[in-house]
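These notes concern the structure reproduced below.
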Amino acid sequence: MRVNRPKDGDPISVALNAQERHVTFDASRGAEAPPELVQLLTPEGERVEHPAYDIDLTPEEVRGLYRDLVLVRRVDMEAVALQRQGELGIWASLLGQEAAQIGSGRALTDADMAFPTYREHGVAWCRGVDPVNLLGLFRGVNHGGWDPAEHNFHLYTIVIGSQTLHAVGYAMGIQRDGADAATIVYFGDGATSQGDVNESFIWASVFNAPVVFFCQNNQWAISEPLEKQSRIPLYRRASGFGFPGIRVDGNDVFACLAVTRQALKNAREGQGPTLIEAFTYRMGAHTTSDDPTRYRVAGELEAWKLKDPIERVKAYMFKNQLADQDFFDSIEAEAADLGRDVRKRCLEMPDPHPLEIFEHVYSEPHALLTEEREQYAAYLASFEGGER
Amino acid sequence: MRVNRPKDGDPISVALNAQERHVTFDASRGAEAPPELVQLLTPEGERVEHPAYDIDLTPEEVRGLYRDLVLVRRVDMEAVALQRQGELGIWASLLGQEAAQIGSGRALTDADMAFPTYREHGVAWCRGVDPVNLLGLFRGVNHGGWDPAEHNFHLYTIVIGSQTLHAVGYAMGIQRDGADAATIVYFGDGATSQGDVNESFIWASVFNAPVVFFCQNNQWAISEPLEKQSRIPLYRRASGFGFPGIRVDGNDVFACLAVTRQALKNAREGQGPTLIEAFTYRMGAHTTSDDPTRYRVAGELEAWKLKDPIERVKAYMFKNQLADQDFFDSIEAEAADLGRDVRKRCLEMPDPHPLEIFEHVYSEPHALLTEEREQYAAYLASFEGGER
Amino acid sequence: MTTLTLAKAINEGLRTAMEDDSKVLIMGEDVGKLGGVFRVTDGLQKDFGESRVIDTPLAESGIIGTAIGLALRGYRPVCEIQFDGFVFPAADQIITQLAKMPLRSLGKIKLPVVVRIPCGGGIGAVEHHSESPEAYFTHTGGLRVVACSNPVDGYHMIQQAIRCDDPVIFFEPKRRYWDKAEVERGAAPLAFDRAQIVRPGTDVTVLTYGPMVKTCLEAAAAVEQDGRSLEVIDLRSLNPLDTEMVFESVRRTGRCVVAHEAPVFSGLGAELAARITEACFYSLEAPVLRAGGFSTPYPPSRLEDHYLPDLDRVLDAVDRTFAF
Amino acid sequence: MTTLTLAKAINEGLRTAMEDDSKVLIMGEDVGKLGGVFRVTDGLQKDFGESRVIDTPLAESGIIGTAIGLALRGYRPVCEIQFDGFVFPAADQIITQLAKMPLRSLGKIKLPVVVRIPCGGGIGAVEHHSESPEAYFTHTGGLRVVACSNPVDGYHMIQQAIRCDDPVIFFEPKRRYWDKAEVERGAAPLAFDRAQIVRPGTDVTVLTYGPMVKTCLEAAAAVEQDGRSLEVIDLRSLNPLDTEMVFESVRRTGRCVVAHEAPVFSGLGAELAARITEACFYSLEAPVLRAGGFSTPYPPSRLEDHYLPDLDRVLDAVDRTFAF
Ligand SMILES: Cc1ncc(C[n+]2csc(CCOP(=O)(O)OP(=O)(O)O)c2C)c(N)n1
Ligand SMILES: Cc1ncc(C[n+]2csc(CCOP(=O)(O)OP(=O)(O)O)c2C)c(N)n1
Ligand SMILES: [Mg+2]
Ligand SMILES: [Mg+2]
């Protein structure tokens, strides 16, 4: 093990330096120490120590995390392929962010509640949401449709940042219930600029709500690099609102797990909110509609490939003989099966009936929609065979 | 002189302590040193030193500041009286905040631009806006109506926080013009919770815009005490956005002048934004419609009366023989004249013509308003004598 | 039977709802100790505590956003927007989240959030304190929009709104807060989405809601002596509309005027006019005419008596329907 | 004459405006290097630099709020809202500030800010990417609201919008971005607030704008063989409306259908119906009928062909006007 300190010239420090360059204000007037990154597993698969955070995992648990990482990447790949083949309208890939999502997702207890953006396929996996359920939105057969209460995993939210307020409100509910639970809310680096996200920091702080803000800083908001959102590291935002912020290596599943677990524990114990900035990288396009070659250089991606969140766990497991080749083969096989299963059930997903347009808008009868529904039903019936 | 350190038990420290009590998070996890308050003149009228800020004022300048303070208080009093007599619909008194406004207002150069809330009568005064112009909005004869470009003083803004974004945009314009100017924007403690205000911090920081955020923390947002908006001192908010924040004694006109001058200078010189928290107290009601006895204890006001922003300057002038009784008498007389003049011209303010409803909504002809205007003119004409 | 002002009637309705269901919360700016700037929540924090009557930070988006979160956790928040003109910072949370989340979940989520908005002009206030933003919400599928006009409805409708499992935008006519009426607490209230004929008549149907109900009733009384009989309908529910009652009335009278304070252009009156014309085409002796605010921002208060449709403007529209 | 897509025509219009006036700025999310998600600002940052084509932080209120500040300093910002459904975080800045500030100053302030909004459905997108929020803005006095429907208008109207001293909400029909037409750069454009008869006819006036213009033209072509002649009017300006042209047409045809993608309830079609009925009461053979979106949130994309009024739905409305 070595003490955690990103090496000069490694992609993370390069990125950090690039970011620091944009800090133009006089360092004597309020600048803080350079950001420290909690890391427990290096890109090379070495375990490192961190003074404040550690984690003790059984080989079984490590294998479990590895399996999670591989399987969610497989689901994601399959979804990208499904989109390419026209089976999904669009897909927001989590490629590169698996560790941030699995690490934080596995830190949650059943009683905790998670509020995702549109990219938390890994967290959904940890919560036990059937991956096929995630596809409906992207296929265009529904806007989400799962029951948030079933797995304590809220619906995907597309309007950037709105879910942060829902999460804080939910956490205020937990407080009122006196429940032993916390809320975690996910958002991106771009989202930190939205008024709602900052209001959610205020609410959480003022009411000391049991919420963990989990920002996946993948360094891009579509084409905009991080410096369009902030000139200092994002985790520092929290200090301005009076609660702790911490930066974790978002490609290190151990560190993400350890840091999130601690923050959730603090929240449950009445110590209020924490902001976690998981420093990671969006290895894919923003979505399947995006073309990142228009705005970012290829070298960046290449550098980050060396920090791959899965490879380092694999290297660690090899080095420490936590698994043999059979294990890795079996996970590959499971992944292939899962991919096939997801694909098959995606293709089977039925289109909604036209009259579903009028369903679920209100929970009690609504005269206007009843009227529109009847008129449209009659209209449809007027076509030959009742089909347009 | 004595080195600046608020005494135990004085109202400011009491308030600070009260506020600190609400800081419930573990002090070892990110808490900062107790807030330091820049003060150059004590409530007793003693000049004190501050390591980072000082000011050198000629007797003439001190007398000028005193005159400003007294005259804006007089205008404010007159407006309150006018409201009581039914001549204004409502009035937002600046009582107690004169030093914050005169100090910061006198720090501005002609080229600088100020964006007020609805309470910056003192800043308006410094910009050379005729006090009577401020009354139109409160009398209900217009929504403001002055030309912001005439004195580089923007219109009053009632929607809490919106003007902060305007100010940053304006500052971005200054940058593009390469002008030697800065922008200052005023807002209250309550306003710091609005998304817009936080977005304005982000914009200012990312674009390094020449803007000074001047928050008058008068400790109340209508009936809500500061702890409903923040659990740490407000000036610290800036650190989360990567620019300096500083707390100044808002009842100390010297300190407000010194700190604002420096922040504006930094802005003009390309060092970007500063947040100034002027720690002060709303000695009056929120507005003439408000009844503060419903939510705050009388003792609080009594304690703050001892920190009166005008009395301390007077004491200082007496002690240092910067003015004689004649001077004070002449200012009183001038204030009385000004009050009479404001009153007289307020009463003379004509009601707008009904058809003005349709004016100034668009700058180019607009068919719909033309039509509505014509119809309403005809309708009015249909009444006897053309009057409803 | 008690005589209550509208403000007090809503206050009592809130109190009853809070007594009936411990999940009901009040949240907003100054709703606690102050009891709201109009005192509609007066005394509730004292009696139900700070965890049920929540003074929030000063941010409307935050109020609605956290209310949604509380509703997801099983609470029934009643949010106060201090004045009509300050609902816009919350527009995104209302329009993209509150209105759409139940559908997003295919009905698995219910969002029983009530957004109370004191609305309308006539109190001599400064900018943003006199607006009538209902059309922004009636155009937003997923919301129910209602307006009360009197203490009886204030008392009952607020309770119905709270009990309703859908999000409700609840308009309260601020210039009528001090109007009094007898309220019978035990009475069975009219259904939440029904209009009410508040004055029967035969010659013209006058459709209105909120603050203009009183104005229209006065207009009806004023022309009675001239032998003109106006039927005044208080719509109460603005989305959905009680078109059944409206159409029946217009078919009987053959003439219709809609009166509201909001700007006429693209206002709710347009929807009523369009819908009535389609449904009652052969019964109409004249087009449906509208008396409303002008298509400008709300003017300074010294002009508001010109801006707001008053008795004369309503009667002018009535007269004009007879000119066809 | 050049053949341009709508997206490219607006791009060229922006470029020309930027060349003509150094105060014109572009701002929004991803408008710089990426050229916008629809490439409408493609190449502009490269040619005009980062200080005139500004990639902003991800916050719509911030975009409009700072644009207002820039306009106060003499700039003419053109803001892009990435998709229709994301305009709501900016609702407050648009409705309470942009629309009202000129009046607040009694005309001393002009706010030449253009808010470009790619709008409408039909591209198979996820939630919030297919909406038609124009009615929220047509109901807001102080704003001009326009919608282009084709490359010629895209090229000219964006320049007119930028030259206009009033704030303009500028809708761009995203599913028509790739439609092509010949654009004559030197041609004298039609006035900004005028409607245009895009297909003359005699039997029914069909009023529409934005993405539905093409649909309505197809509808008109489809029924021509049945001997039914539709006059299709592209409204172009939604506030103010060119009522002169509209009324003249309806008086001629005696029948009118309004088609838009936005929900019918409380939509702009209602205003047109109400206004036309009042002005053309004796000419109308049938009520003005509306073909539009349903009064629900925009559905998932696999249902959008049912939600959006298509050729058949427009013709169904046309048929229904003949049933009266
Ligand atoms: C309010 C709002 N504005 C704009 C968009 C369009 N949009 C979708 S994703 C995105 C970038 C988000 O970046 P970030 O928060 O960093 O998350 P990431 O996609 O990188 O995970 C934008 C601008 C949106 N969804 N919502
Ligand atoms: C967006 C918005 N919400 C609510 C209000 C109503 N309101 C007017 S002043 C005020 C309190 C403002 O407090 P603060 O920012 O501290 O300024 P102060 O009045 O104390 O100077 C409130 C809630 C408003 N004007 N704008
Ligand atoms: Mg990102
Ligand atoms: Mg205050």
Side-chain angles (χ1 to χ4, degrees), chain A residues 89-90 118 136-145 156 158-162 188-198 221-225 228-230 286 289-292 294-296 351-362 366 368-369 371-373 376 379-380 382-383 388, chain D residues 28-39 42 45 50 54-63 65 82-83 85-86 88-90 92-93 123-130 263-266 292-307 310 312-313 316-317 319-320:
Chain A
I90 193 172
Y118 41 78
L137 161 66
F138 297 95
R139 189 169 165 86
V141 301
N142 58 44
H143 290 317
Y156 276 180
I158 291 173
V159 178
I160 298 292
S162 336
D189 44 307
T192 59
S193 295
Q194 280 288 5
D196 273 8
V197 174
N198 292 279
I222 309 188
S223 73
E224 298 196 8
K228 292 288 167 204
Q229 320 292 342
S230 182
H286 169 68
S289 308
D290 177 42
D291 172 12
R294 289 181 68 101
Y295 54 80
R296 76 181 178 193
D351 277 1
H353 187 277
L355 294 181
E356 277 206 27
I357 288 179
F358 307 97
E359 302 303 316
H360 311 305
V361 177
Y362 297 96
H366 187 280
L368 175 62
L369 287 209
E371 182 188 320
E372 289 189 357
R373 186 187 204 284
Y376 194 60
Y379 170 78
L380 283 181
S382 73
F383 285 80
R388 278 196 329 155
Chain D
E29 297 156 8
D30 305 294
V31 295
K33 248 192 190 159
L34 186 64
V37 291
F38 292 107
R39 310 291 184 262
D42 194 27
Q45 189 180 66
E50 288 193 28
I54 309 171
D55 270 331
T56 65
L58 205 175
E60 288 74 11
S61 192
I63 294 171
Q82 198 160 76
F83 285 91
F86 306 136
F88 300 107
D92 181 57
Q93 284 288 347
I123 62 159
V126 294
E127 211 187 341
H128 314 292
H129 290 71
S130 306
V264 162
F265 194 83
S266 245
F294 300 112
S295 302
T296 67
Y298 198 88
S301 62
R302 298 238 170 178
L303 290 176
E304 71 181 336
D305 288 347
H306 286 278
Y307 180 89
D310 60 359
D312 285 328
R313 293 248 303 279
D316 177 60
D319 288 348
R320 284 189 291 122

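Quick note on labels: first sequence line is chain A, next is B, and so on, each numbered from 1. Model, not experiment: these values are computed from the prediction.
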For this session: Sort I160(A) into side chain, backbone, both or neither according to what part of it lies under 4.5 angstrom from a heavy atom of chain D.
Result: side chain

Exercise. Can you name the nearest heavy-atom pair linking R313(D) to Y376(A), along with the distance?
Worked result: CD-CE1, 3.9 Å

Exercise. Under 3.5 Å, is there a donor-acceptor pair between the side chain of Q229(A) and the main chain of L58(D)?
Worked result: yes

Problem set entry | Proximal component of R373(A), with respect to chain D [non-hydrogen, under 4.5 Å] | neither

Seminar exercise, completed: In short, S193(A) meets P57(D) closest at the heavy-atom pair OG-CB, 3.6 Å

Seminar exercise, completed: Heaviest contributor of heavy-atom pairs below 4.5 Å to chain A, chosen from L34(D), V264(D), D30(D), T56(D), is D30(D)

Exercise. Among S162(A), P292(A), P354(A), which residue forms the greatest number of heavy-atom pairs with chain D at distances under 4.5 Å?
Worked result: P354(A)

Exercise. Ring pair (Phe, Tyr, Trp, His ring centres under 6.0 Å) with F86(D): which residues, sequence neighbours excluded?
Worked result: H129(D)

For this session: Tell me, out of P352(A), S289(A), G161(A), who's got the most heavy-atom pairs with chain D below 4.5 Å.
Result: P352(A)

Exercise. Checking H143(A) side chain against Y298(D) main chain: does a donor-acceptor pair fall under 3.5 Å?
Worked result: yes

Problem set entry | Verdict with supporting geometry, V159(A) and F88(D), side chain to side chain contact (heavy atoms under 4.5 Å, CB included) | CA-CA 10 Å; V159(A) 178; F88(D) 300 107; over 6 Å; no

Exercise. Would you say the side-chain atoms of R302(D) pair up with the backbone N or O of V141(A), donor to acceptor, closer than 3.5 Å?
Worked result: no

For this session: Heavy atoms only: give me the nearest H353(A)-L303(D) pair and the separation to one decimal.
Result: O-CD2, 3.7 Å

Seminar exercise, completed: The interface call for L137(A) against chain D, heavy-atom contacts under 4.5 Å, is both

Problem set entry | Charged N-O contact under 4.0 Å between D291(A) and R39(D) | no

Seminar exercise, completed: Cut-off 4.5 Å, heavy atoms of chain D, and the answer for L369(A) is side chain

Seminar exercise, completed: All heavy atoms of Y307(D) vs all of I357(A), minimum pair found to be N-CD1, 3.8 Å

Exercise. Between G124(D), G85(D), S295(D), which has the largest tally of heavy atom pairs under 4.5 Å with chain A?
Worked result: S295(D)

Exercise. What part of Q45(D) lies closer than 4.5 angstrom to a heavy atom of chain A: side chain, backbone, both or neither?
Worked result: neither

For this session: Run the numbers on Q194(A) and E60(D) for side chain to side chain contact (heavy atoms under 4.5 Å, CB included), then give the verdict.
Result: CA-CA 8 Å; Q194(A) 280 288 5; E60(D) 288 74 11; 2.8 Å; yes

For this session: Look at the side chain of D55(D) and the backbone N and O of E224(A), then say whether any donor-acceptor pair between them is shorter than 3.5 Å.
Result: no

Exercise. Which atom names give the shortest non-hydrogen contact between V126(D) and F138(A), and what distance separates them?
Worked result: CG1-CA, 4.4 Å

